[in-house]
Colleague: 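Have a look at the structure that comes next, please.
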Amino acid sequence: MANVTIVGVGPGSKEYLTRAAENAIYNADVLIGGHRLIEMFNSLPAEKITITAELMPVLQLIRSKTLNGNKVVVLSSGDPGFYGILATIKRHLPDLNVNVIPGISSVQLACARIGIPWDDAVLTSCHGRDILPLVAAVKKHNKVITLTGPKQNPVEIARALLAGGTGNRSVYLACNLTYRNEVILSTDLEKLATLDQSDFSNCVMVIYSD
Ligand SMILES: C[S@@+](CC[C@H](N)C(=O)[O-])C[C@H]1O[C@@H](n2cnc3c(N)ncnc32)[C@H](O)[C@@H]1O
């Protein structure tokens, strides 16, 4: 079977790119990824294909370029196996072998910045997903970490949790990690629910009981 390589590029800045990821990316014939990730490697000679909302045509390109003998590298933010593109590629392209190079997940870096362990947390995602399963998780567990999304932003999530009856909980927010506008904030659901939604994008949210 032909091999496609899926590389985790970490949360943002190249400082958090592993040497193994860098080697695979620099040796690729074809680089495929979202706009922000492709931009990171604009200066490389590899052919570049940007993933847009229409995923199926890109998946077909991944298959055909790989079967034609190209070294195809698909870029994933953070780690490909944590709400990244790995599951999608395995589901839609079962005829390809996947070679996965792990990356530092946004959750790992968020917890490192805050200075807390994450082995005792329940990990979830609201990115492009219903918030209801998170409500159930927060009611049941003392420490829940969730990825947020453009629509499911931290303010929206705080309001949904309170409306769902979780009661007030402490919150850490880690937003835009490794970028110039990185923000780490300690707050709670009630305060967060009163803020402006546009203040927060690209965040990891830790919801916990003291
Ligand atoms: C599609 S998921 C990909 C997660 C990725 N595979 C990982 O391991 O971090 C995208 C979400 O990850 C989180 N994320 C990714 N990069 C981030 C960063 N630099 N700072 C904060 N959160 C980030 C945000 O919640 C964003 O909406």
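Order of listing sets the numbers, starting from 1, for every ligand and every atom in it.
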Colleague: Compute the minimum heavy-atom distance from V204 to ligand 1 and say whether it is under 4.0 Å.
Modeller: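 V204 counts as a contact of ligand 1 under the 4.0 Å cut-off.
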Colleague: Suppose I only count heavy atoms of D79 and a 4.0 Å limit; which atoms of ligand 1 are within that range?
Modeller: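 Answer, ordered by atom number: 6 (N), 7 (C), 8 (O).
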Colleague: Is N70 reaching over with its side chain to a backbone N or O of V72, donor-acceptor style, under 3.5 angstrom?
Modeller: no
Colleague: Considering only non-hydrogen protein atoms, determine which one is nearest to atom 9 (O) of ligand 1 and report residue, atom name and distance to 0.1 Å.
Modeller: S106 OG, 2.6 Å
Colleague: I'd like to know whether I207 forms a side-chain contact (heavy atoms from CB on, under 4.5 Å) with T146, so could you lay out the CA-CA distance, the side-chain angles of the two residues, the decisive distance to 0.1 Å, and finally the verdict.
Modeller: CA-CA 8 Å; I207 304 147; T146 191; 4.3 Å; yes
Colleague: Given E22 and K14, is the side-chain contact (heavy atoms from CB on, under 4.5 Å) satisfied, shown in steps?
Modeller: CA-CA 9 Å; E22 205 171 61; K14 282 191 182 160; 5.7 Å; no
Colleague: N/O to N/O below 3.5 Å, does that happen between C203 and ligand 1?
Modeller: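 Checking ligand 1 against C203, an N or O pair does fall under 3.5 Å apart.
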Colleague: So if I count the atoms of ligand 1 from 1 in the order they appear, which ones are less than 4.0 Å from some heavy atom of N176?
Modeller: 20 (N), 21 (C)
Colleague: Nearest to atom 1 (C) of ligand 1, what protein heavy atom do you find, and at what distance?
Modeller: Y83 O, 3.5 Å
Colleague: One pair to check against side-chain contact (heavy atoms from CB on, under 4.5 Å): F200 and T148. What are the steps and the verdict?
Modeller: CA-CA 10 Å; F200 306 101; T148 67; over 6 Å; no
Colleague: Distance to 0.1 Å, residue and atom name: give those for the protein heavy atom nearest to atom 20 (N) of ligand 1.
Modeller: L177 N, 2.9 Å
Colleague: Atom 27 (O) of ligand 1: which of N202, T148, L147, N153 has the nearest heavy atom?
Modeller: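 Checking each option, the heavy atom nearest atom 27 (O) of ligand 1 is found in T148.
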Colleague: Kindly compute the distance separating CD (E15) from CD1 (I104), expressed to the nearest 0.5 Å.
Modeller: 9.5 Å
Colleague: Which ligand 1 atoms, with their elements, are less than 4.0 angstrom from a heavy-atom of A174?
Modeller: 21 (C)
Colleague: Heavy-atom contact check, 4.0 Å cutoff: does S77 meet ligand 1?
Modeller: yes
Colleague: Can an N or O of F82 be found at a distance shorter than 3.5 Å from an N or O of ligand 1?
Modeller: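 Yes, at least one N or O pair falls under 3.5 Å.
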Colleague: Can you check whether S209's main-chain N or O pairs, donor with acceptor, with R169's side chain at less than 3.5 Å?
Modeller: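 Checking the backbone N and O of S209 against the side chain of R169, no donor-acceptor pair under 3.5 Å is found.
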Colleague: What atoms in ligand 1 come closer than 4.0 Å to a heavy atom of S105?
Modeller: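 Close to S105: 7 (C), 8 (O), 9 (O).
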Colleague: Judged by atom type as modelled, is there a donor-acceptor pair below 3.5 Å linking the side chain of K90 to the main-chain atoms of V98?
Modeller: no
Colleague: Quick test: of every protein heavy atom, which one is nearest to atom 11 (C) of ligand 1, and how far off is it to 0.1 Å?
Modeller: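 I find the closest protein heavy atom is H127 ND1, 3.9 Å.
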Colleague: Using only atom types and a distance under 3.5 Å, with no angle test, would you say the side chain of K48 pairs donor to acceptor with the backbone of A46?
Modeller: yes
Colleague: Please list the nearest protein heavy atom to atom 19 (N) of ligand 1 with its residue and the distance rounded to 0.1 Å.
Modeller: P11 O, 2.8 Å
Colleague: Is it the case that one hydrophobic cluster holds both I157 and L192, taking links as side-chain heavy atoms less than 4.5 Å apart, direct or via other members?
Modeller: yes
Colleague: Side chain, backbone, both or neither: which part of P150 has a heavy atom under 4.0 Å from ligand 1?
Modeller: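 Looking at P150 and ligand 1, no heavy atom falls under 4.0 Å.
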Colleague: Could you walk me through whether I145 and V204 pass side-chain contact (heavy atoms from CB on, under 4.5 Å), step by step?
Modeller: CA-CA 7 Å; I145 302 180; V204 174; 3.6 Å; yes
